[in-house]
*Asks:* 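Before we start, here is the structure in question, set down as structure tokens.
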Amino acid sequence: MQDERKTLDDRNQMTDLERLRHSCAHVMAAAILRLWPEAQFAAGPAVENGFYYDVDLPHRITPEDFPAIEAEMKKEIKANHRFEKIVVTREQAIKDSESGRLGGLSERPGNPSKFKLGNLAEIPAHEPISYYKTGDFIDLCAGPHVMRTGNIGAFKLTTVASAYYQGDEKNPQLQRIYGTAFKTKAQLDAYFQMLEEARRRDHRKLGAEMGLYTIDTEYTGPGLPLWLPKGTAILEELEKLAKETEFLAGYVRAKTPHIAKEKMYLTSGHLPYYAESMFPPMELLEEEEHSRKRDLEAQLEALKQAAPGGNGEPPPGPEGSAAHREYDQKIHTLTEQLRALGTRYYLKAMNCPHHHRIFAAVPRSYRDLPLRLAEYGCCYRYEQSGELFGLMRVRSMNMNDAHIYCTPEQFAQEFNAVNEMYLKYFKIFGIEKYLMRFSTHGREGLGRKYVNEPELWLQTENMVRDVLKNSGINYVEVANEAAFYGPKIDVQVWSVIGREFTLATNQVDFAVPQRFGLVYRDRDNTEKTPLCIHRAPLGTHERFIGFLIEHYAGNFPLWLAPEQVRVLTIGEEAPLVNYAQALVRELRAHLVRAEGDYSNDKINGKIQQAEQAKVHTMLVVGPRDLAANAVSVRVHGRGSLGAQPKAEVVAGILAAIRERRP
RNA sequence: GCCAGUUUAGCUCAGUGGUAGAGCAACGGUUUUGUAAACCGUCGGUCCUCGGUUCGAAUCCGAGAACUGGCUCCA
């Protein structure tokens with residue numbers, strides 16, 4: 001069964017490859033049923049790199065079972081069954097689900113197709129209901145499919161994972177079997193070669209090999225990267241680029257602490273809604289408050305224990321009864337008294353509230369706007385342990401953050417300038433494939449998921465949409481995914497091996513400045529609330545560098561390379577070493593990250609080491625170079641470029657760095 | 001957080017109940033060099049942690065931690 005949320009129109013647009021993969025999912029289901037007839041299937045769509053089918057089965061399928069499943073699949077394919085479409089009534093479909101026939105090879109009395117029943121309920125009343133039959137296997141499915149199982153070319157099962165039925169964590173967990181399929185064996189092989197290349201470029205692997213960062217889970221903690229000197233070199237180059245770019249774009253810089261009082265996040269509205277994603281607070285108590293706190297906690301505990309069941313259950317009786325109200329009131333009072341004790345500080349999960357307080361620090365006039373406040377702020381988010389992923393998902397992050405406070409009249413120009421900054425960065429880093437996901441609100445979420453300002457939502461969304469349309473930027477619009485205070489744009493990029501990253505977010509905020517009481521005095525001498533644009537074109541250092549490592553496969557351009565130049569001597573005679581050392585000193589005097597290798601290794605060995613360390617430029621100096629006041633240049637990945645006059649080489653290196661040549 | 005898998009030297013990995021191994025790296029020495037690895041030697045271990053089974057555990061069992069692949073979430 002395909003993903004039910006897709007419309008029939010979407011289905012008709014399935015590509016040939018998607019049809020083939022979805023058909024392969026049916027074949028896999030039939031094969032699994034031959035081995036385990038009691039298996040219950042949920043959904044089995046084609047996905048980006050293949051297909052999966054969610055199955056409920058007492059037997060835990062492991063990769064060791066794959067050969068047996070694949071063997072059964074090959075039989076299904078060899079049998080060359082026709083994909084036969086059968087249109088049925090909803091009543092018939094329900095009947096066949098109850099008999100266990102759907103997603104089965106035959107009727108299975110006492111084992112109804114429970115997930116198929118659930119899927120049926122999701123199909124809108126007006127849509128036709130169809131089965132697809134291959135051999136004995138019948139599945140609820142809207143199609144489309146390839147004509148015959150024999151049309152499925154080359155396939156392979158890849159992994160098994162767990163997934164919730166219909167993606168809801170309240171639903172039962174199913175085993176998700178992933179596979180991939182292509183028209184030809186050659187395409188399948190190419191896909192696995194691509195995966196191998198992706199593994200080779202994995203930023204976690206390269207990050208460790210190149211000594212860029214380490215995650216010391218025992219002493220520092222999971223998700224808290226330690227930047228090693230070589231990674232820090234990259235990080236600081238990026239920061240320099242951002243600071244220059246922002247300076248030229250009229251930004252001013254700010255610097256704010258890593259922590260703030262609870263009041264900050266109560267005002268911003270992040271607490272309590274965001275509390276789960278924040279590190280728990282640091283609580284500062286005065287001497288006498290400690291005993292007061294223990295006392296209040298004991299009272300609260302006693303109150304909960306005294307309740308029937310002793311586990312904090314409210315007293316029996318109807319909701320809203322006097323007993324209920326009294327109990328709730330007592331709990332509320334004690335909780336409030338506890339809250340009033342001492343001061344709680346939170347590690348900041350975002351910089352915006354701090355910047356809002358900077359805006360509020362002095363009276364603002366319309367003449368001061370737009371105010372573009374930038375900061376490389378370090379934020380902390382308590383991401384769930386299973387979500388941590390190398391540098392891509394961490395708990396401490398350095399954000400390329402800025403907030404632009406402006407009037408509605410200035411908005412379009414400011415927002416457009418932000419987008420242009422994104423495009424400028426994409427050019428510098430050679431990012432060719434990107435997509436801006438413009439997320440708007442959903443009317444039904446107003447007042448809950450989104451601040452209840454229907455007109456402001458429409459107004460700001462129109463402004464954003466106009467800017468995107470007029471700028472010719474590549475974007476899509478998705479409803480009901482906005483931030484709670486305004487529409488947002490997620491910037492997605494694809495690395496050269498096709499891995500997708502959400503690099504940065506760009507948000508419009510028309511609500512929080514109001515909560516902080518931010519105002520400027522306008523021409524007409526009235527106070528008005530500014531709009532705020534949150535933007536972070538380079539996202540966080542962590543994720544951006546993770547992306548860059550994979551994008552460049554660790555082969556950074558000269559300006560970013562942790563070790564830009566290494567001077568290698570042929571031999572260790574004093575005149576040669578002196579010449580090499582003077583060259584290193586000269587480069588370092590121009591702030592080039594240059595090192596020297598004057599050891600007694602063979603020159604081939606030194607080159608091997610420098611190449612493996614991905615040093616960008618290797619300058620080989622031997623007796624011949626010394627005599628000619630030259631150096632022999634070798635560039636990582638490009639091989640030897642021959643001997644050149646020393647002064648020209650140095651000037652060339654400095655120019656390439658200054659211009660940030662790719 | 002949930003499901004599954006993994007965890008042996010700094011790194012990559014071998015070792016299925018009986019004395020813990022290899023290559024690379026590191027360190028010491030020999031070699032004196034022209035564009036991807038000269039040679040010899042030395043050092044290096046809480047086999048993730050805790051508990052259990054056993055005469056005996058890297059190996060079998062249980063709990064925990066971290067990581068990996070997914071789910072949910074997200075910059």
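Quick note on labels: first sequence line is chain A, next is B, and so on, each numbered from 1. All values reported here derive from a predicted model rather than from experimental measurement. Values reported hereafter were calculated over all heavy atoms of this structure, with side chains retained and with hydrogens, waters and symmetry mates removed.
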*Asks:* Expressed in whole Å, how much space separates the P atoms belonging to B:G23 and B:U33?
*Replies:* 29 Å
*Asks:* From C-beta outward on A:Gln507, which listed nucleotide comes closest to its side chain: B:A36, B:A75, B:U72?
*Replies:* B:A75
*Asks:* Could you identify the nucleotide paired to B:U35, looking across every strand shown and requiring Watson-Crick or G-U wobble geometry with both distances under 3.5 Å?
*Replies:* none
*Asks:* Work out how far the P atom of B:U35 is from that of B:G28, and round it to whole angstrom.
*Replies:* 28 Å
*Asks:* Would you indicate which nucleotide in B:G69, B:A75, B:G34 comes nearest to any side-chain atom of A:Arg204?
*Replies:* B:G69
*Asks:* Is B:A58 paired to anything, Watson-Crick or G-U wobble with both distances less than 3.5 Å, and if yes, which nucleotide?
*Replies:* none
*Asks:* Taking for each residue the nucleotide of RNA chain B with the nearest heavy atom, is it A:Leu626 or A:Ile215 whose nucleotide lies nearer the 5' end?
*Replies:* A:Leu626
*Asks:* Once you round it to whole Å, what is the distance between C1' of B:A36 and CG of A:Leu568?
*Replies:* 12 Å
*Asks:* Look at the side chain of A:Phe389 and decide which nucleotide, out of B:G69, B:A36, B:C74, has an atom nearest to it.
*Replies:* B:G69
*Asks:* Quick test of your reading of the model: are A:Lys614 and A:Glu611 salt-bridged, counting only N-O distances below 4.0 Å?
*Replies:* no
*Asks:* Which nucleotide sits closest to the side chain of A:Pro222: B:A66, B:C73, B:A37?
*Replies:* B:A66
*Asks:* Using the C1' atom as the point on both nucleotides, what is the distance between B:A9 and B:C27, in whole Å?
*Replies:* 15 Å
*Asks:* What's the closest nucleotide to the side chain of A:Gln384 if the choices are B:U72, B:G34, B:U32?
*Replies:* B:U72
*Asks:* The side chain of A:Lys602 is closest to which nucleotide in this list: B:U33, B:A37, B:G34?
*Replies:* B:U33
*Asks:* Would you mind classifying the nucleic acid contact of A:Glu572 as base, sugar-phosphate or nothing, using non-hydrogen atoms under 4.0 angstrom?
*Replies:* base
*Asks:* Should the side chain of A:Arg381 and the base of B:C73 be counted as holding a donor-acceptor pair, with the cut-off at 3.5 Å?
*Replies:* no
*Asks:* Checking contacts here: which listed nucleotide (B:A75, B:U68, B:G34) is nearest the side-chain heavy atoms of A:Thr505?
*Replies:* B:A75
*Asks:* Using only modelled atom types and a 3.5 angstrom limit, is any donor from either the side chain of A:Ser632 or the base of B:G34 paired with an acceptor on the other?
*Replies:* yes
*Asks:* Counting heavy atoms from C-beta on, name the nucleotide in B:A75, B:A36, B:C67 closest to the side chain of A:Val394.
*Replies:* B:A75
*Asks:* Could you tell me how far apart A:Asp601 (CG) and B:U35 (P) are, to the nearest whole angstrom?
*Replies:* 16 Å
*Asks:* Between P on B:U33 and CG on A:Asp597, what's the gap in Å once rounded to a whole number?
*Replies:* 16 Å
*Asks:* Let me know the distance between NZ of A:Lys606 and P of B:A36, rounded to the nearest Å.
*Replies:* 15 Å
*Asks:* Tell me whether the guanidinium CZ or amine NZ of A:Arg543 lies under 6.0 angstrom from the six-membered ring centre of A:Phe501 and within 45° of its axis.
*Replies:* no
*Asks:* When you measure from the side chain of A:Thr217, which nucleotide among B:A75, B:G34, B:C67 comes out closest?
*Replies:* B:C67
*Asks:* Heavy atoms under 4.0 Å, any strand shown: does A:Ala536 hit a base, just sugar-phosphate, or nothing?
*Replies:* nothing
*Asks:* Once you round it to whole Å, what is the distance between P of B:G5 and OH of A:Tyr178?
*Replies:* 17 Å
*Asks:* side-chain contact (heavy atoms from CB on, under 4.5 Å) for A:Ile489 and A:Leu468? Distances and angles first, verdict last.
*Replies:* CA-CA 10 Å; A:Ile489 291 179; A:Leu468 288 171; 3.9 Å; yes
*Asks:* Looking at the base of B:G34, is there any donor atom on it, or on the side chain of A:Asp625, that sits under 3.5 Å from an acceptor on the other one?
*Replies:* yes
*Asks:* On a plain distance test, is the side chain of A:Arg634 in donor-acceptor contact with the base of B:A36 below 3.5 Å?
*Replies:* yes
*Asks:* With both distances under 3.5 Å as the test, what is the Watson-Crick or G-U wobble partner of B:A26?
*Replies:* B:U42
*Asks:* So, does the side chain of A:Glu383 form a donor-acceptor pair with the base of B:A75 at under 3.5 Å?
*Replies:* yes
*Asks:* Which part of the nucleic acid does A:Met618 contact within heavy-atom distance under 4.0 Å: base, sugar-phosphate only, or nothing?
*Replies:* nothing
*Asks:* Which value, in whole Å, describes the distance between the P atoms of nucleotides B:C11 and B:C67?
*Replies:* 15 Å
*Asks:* Counting side-chain heavy atoms from CB outward, which of B:A37, B:A75, B:G34 is closest to A:Gln612?
*Replies:* B:A37
*Asks:* Strictly below 4.0 Å, N to O, side chains only: are A:Arg437 and A:Glu477 in salt-bridge contact?
*Replies:* no
*Asks:* Name the pairing partner of B:U72, where a pair is Watson-Crick or G-U wobble with both distances under 3.5 Å, or state none.
*Replies:* none
*Asks:* Between A:Phe429 and A:His551, is the ring centre distance below 6.0 Å?
*Replies:* no
*Asks:* Using 4.0 Å as the upper bound for N to carboxylate O, is an ion pair formed by A:Glu246 and A:Arg535?
*Replies:* yes
*Asks:* How far, in whole Å, is B:A75 from B:U6 if one measures between their P atoms?
*Replies:* 34 Å
*Asks:* Output the rounded distance in Å from CZ (A:Arg393) to P (B:C71).
*Replies:* 12 Å
*Asks:* Would you kindly give the CD1-to-P distance between A:Ile607 and B:U33, to the nearest whole Å?
*Replies:* 15 Å
*Asks:* Return the 5'-most residue of the pair A:Lys488, A:Ser640 with respect to RNA chain B, ranking by each residue's nearest nucleotide.
*Replies:* A:Ser640
*Asks:* Taking atom types as they are modelled, would you say the side chain of A:Arg176 forms a donor-acceptor pair with the base of B:C71 within the 3.5 Å cutoff?
*Replies:* no
*Asks:* Between B:A38 and B:A25, how far apart are the two P atoms, rounded to whole Å?
*Replies:* 10 Å
*Asks:* Say we look at B:U32 and B:U8: how far apart would their C1' atoms be, to the nearest angstrom?
*Replies:* 40 Å
*Asks:* Grab the two heavy atoms, one from A:Phe41 and one from A:Lys116, that are nearest each other, plus how far apart they are.
*Replies:* O-CE, 3.6 Å
*Asks:* What does B:C67 pair with, Watson-Crick or G-U, if both distances are under 3.5 Å?
*Replies:* B:G5
*Asks:* Send over the distance from A:Gln644 CD to B:U35 P, rounded to a whole Å.
*Replies:* 17 Å
*Asks:* Do you know the tightest heavy-atom contact between A:Val631 and A:Tyr579?
*Replies:* CG1-OH, 4.3 Å
*Asks:* Given A:His258 and A:Tyr380, is the ring pair (Phe, Tyr, Trp, His ring centres under 6.0 Å) satisfied, shown in steps?
*Replies:* CA-CA 8 Å; A:His258 290 212; A:Tyr380 301 85; 5.7 Å; yes
*Asks:* With a non-hydrogen cut-off below 4.0 angstrom, is A:Gly571 in contact with a base, only sugar-phosphate, or nothing?
*Replies:* base
